[in-house]
Every structure is written in C-alpha cells, then in structure tokens.
Amino acid sequence: MAQDLLDVTFAALADPTRRAILARLAHGEATVTELAEPFAMSQPAISKHLKVLERAGLIARGRDAQRRPCRLLAEPLKDATEWLGGYRRFWDETFSRLDLVLDEELKHPGHRDGTD
C-alpha cells in the first residue's frame with residue numbers, strides 16, 4: 001500500500017501545473033479562482049488538477065461560507081522525500097568515494113594504477 005501511495009504522489013507531482021499549485025499552497029490557503037490566476041487555463045481545467053492533487057492526498061478542500069479554500073497536506077511529500085532519501089545516501093557515498101580518488105590523484109598525479 002505504501003508503494004501505491006508513492007505512485008499516486010509521484011504521478012500527481014509529474015505535472016508542472018500541479019507542482020506550481022502546491023508551491024502556491026505552501027504559502028497558505030487559496031481558492032480555485034486564486035489558484036487559476038497565474039495560468040492560461042480555465043477554472044474547470046484547474047479543478048481537474050486539484051482533483052488529482054486531492055486524490056493523492058496532497059491537498060484538502062475546506063468550506064468557508066461560499067469559499068472553498070484549498071490547503072496543502074504535506075504528509076505524502078514527507079513520505080516521498082524519505083523514499084528519495086535512500087537515493088541521496090547512495091549519491092552522497094558515490095561522491096565521497098570520487099572525492100577520495102580525486103584527492104589521491106591530486107597528491108600523486110599519474111599514479112592511479114600503480115604501474116609508474
């Protein structure tokens with residue numbers, strides 16, 4: 001089930017419009033009208049993006065009289081970040097090994113293979 005949630009999260013994040021919506025919501029709640037302002041698309045098109053984000057658990061829609069503000073739900077992003085963290089460790093270790101090789105090469109140019 002955790003993998004399914006990651007799949008849905010990454011699928012929702014795959015679209016630049018949805019990422020921009022999440023970035024906007026990171027600054028606070030916004031209505032559909034407010035979220036649609038910076039985009040050259042209709043409110044129904046924005047609403048489709050919001051439905052994808054809502055199904056992924058990345059946003060929630062409230063009700064405030066006539067307003068239906070959207071707000072960011074960060075838990076799925078935390079889960080995705082933790083999953084990506086394993087790959088970050090891989091790259092950190094890879095770069096650390098590369099640093100060691102480069103440091104050795106700078107100290108002893110041309111002696112990498114030990115045949116000199």
Side-chain angles (χ1 to χ4, degrees):
M1 177 155 162
Q3 186 62 43
D4 291 341
L5 294 174
L6 276 176
D7 292 346
V8 172
T9 299
F10 283 119
L13 294 173
D15 186 274
T17 299
R18 292 192 288 267
R19 291 192 306 270
I21 289 169
L22 291 176
R24 165 54 186 87
L25 291 174
H27 297 287
E29 291 184 351
T31 64
V32 175
T33 303
E34 292 167 338
L35 292 170
E37 283 175 6
F39 302 104
M41 62 179 69
S42 67
Q43 281 190 357
I46 290 293
S47 290
K48 287 181 182 181
H49 285 294
L50 293 175
K51 285 178 186 168
V52 171
L53 293 169
E54 196 170 21
R55 278 194 303 270
L58 292 164
I59 67 165
R61 295 195 211 196
R63 187 169 294 278
D64 179 16
Q66 298 294 70
R67 293 181 67 227
R68 288 207 53 186
C70 299
R71 67 177 171 30
L72 178 68
L73 299 175
E75 188 66 27
L77 295 173
K78 179 180 169 275
D79 295 340
T81 300
E82 287 175 2
W83 183 82
L84 288 168
Y87 293 94
R88 181 182 178 133
R89 285 185 292 278
F90 166 80
W91 286 111
D92 286 345
E93 291 170 8
T94 300
F95 288 130
S96 292
R97 288 191 304 271
L98 179 60
D99 285 343
L100 292 173
V101 170
L102 293 174
D103 285 347
E104 189 61 30
E105 180 64 24
L106 287 173
K107 290 178 189 173
H108 308 287
H111 291 89
R112 278 188 309 183
D113 60 6
T115 59
D116 290 358

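The figures here come from the full heavy-atom set of this structure, side chains too, leaving out hydrogens, waters and symmetry mates.
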Answer yes or no: is there a side-chain heavy-atom contact under 4.5 Å between Val101 and Arg97?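 The answer is no, as the side chains (C-beta and beyond) never meet within the 4.5 Å cut-off.
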Is any side-chain heavy atom of Thr9 less than 4.5 Å from a side-chain heavy atom of Asp79?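 Contact flag for Thr9/Asp79 side chains = no.
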Check this for me: does any side-chain nitrogen of one of Glu82 and Lys78 sit under 4.0 Å from a carboxylate oxygen of the other?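 A salt bridge is present here (some side-chain N lies under 4.0 Å from a carboxylate O).
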Answer yes or no: is there an ion pair linking Asp15 with Arg19, defined by an N-O contact shorter than 4.0 Å?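 Looking at Asp15 and Arg19, the cut-off is not met.
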With rounding to the nearest 0.5 Å, note down the distance linking [atom1] in [X] to [atom2] in [Y].
X	Y	atom1	atom2	result
Ile59	Arg71	CD1	CZ	10.0 Å
Arg68	Thr33	CZ	OG1	12.5 Å
Lys48	Met41	NZ	CE	11.0 Å
Cys70	Glu54	SG	CD	7.5 Å

Given the rule in the side chain to side chain contact (heavy atoms under 4.5 Å, CB included) test, do Leu58 and Leu77 qualify, once you have shown the distances and angles that lead to the verdict? CA-CA 8 Å; Leu58 292 164; Leu77 295 173; 3.7 Å; yes
Minimum heavy-atom distance between Ala23 and His27, given as atom pair plus value: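 Heavy atoms only, the tightest pair is O-CD2, 3.2 Å.
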What are the two closest heavy atoms between Ser47 and Arg61, and how far apart are they?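 Heavy atoms only, the tightest pair is O-NH2, 3.6 Å.
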Assigning hydrophobic clusters by single linkage (Ile, Leu, Val, Met, Phe, Trp, Tyr; side-chain heavy-atom cutoff under 4.5 Å), is [X] placed with [Y]?
X	Y	value
Leu6	Tyr87	yes
Leu72	Val32	yes
Ile21	Leu13	yes
Leu25	Ile46	yes
Phe95	Leu102	yes

Can you list the steps and then say if Phe10 with Leu5 is a side chain to side chain contact (heavy atoms under 4.5 Å, CB included)? CA-CA 9 Å; Phe10 283 119; Leu5 294 174; over 6 Å; no
Using only atom types and a distance under 3.5 Å, with no angle test, would you say the side chain of Arg18 pairs donor to acceptor with the backbone of Ala12?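 Checking the backbone N and O of Ala12 against the side chain of Arg18, a donor-acceptor pair under 3.5 Å is found.
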Single hit among Thr17, Leu53, Leu73 for side-chain contact (heavy atoms from CB on, under 4.5 Å) with Leu22: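 The option that passes is Leu53.
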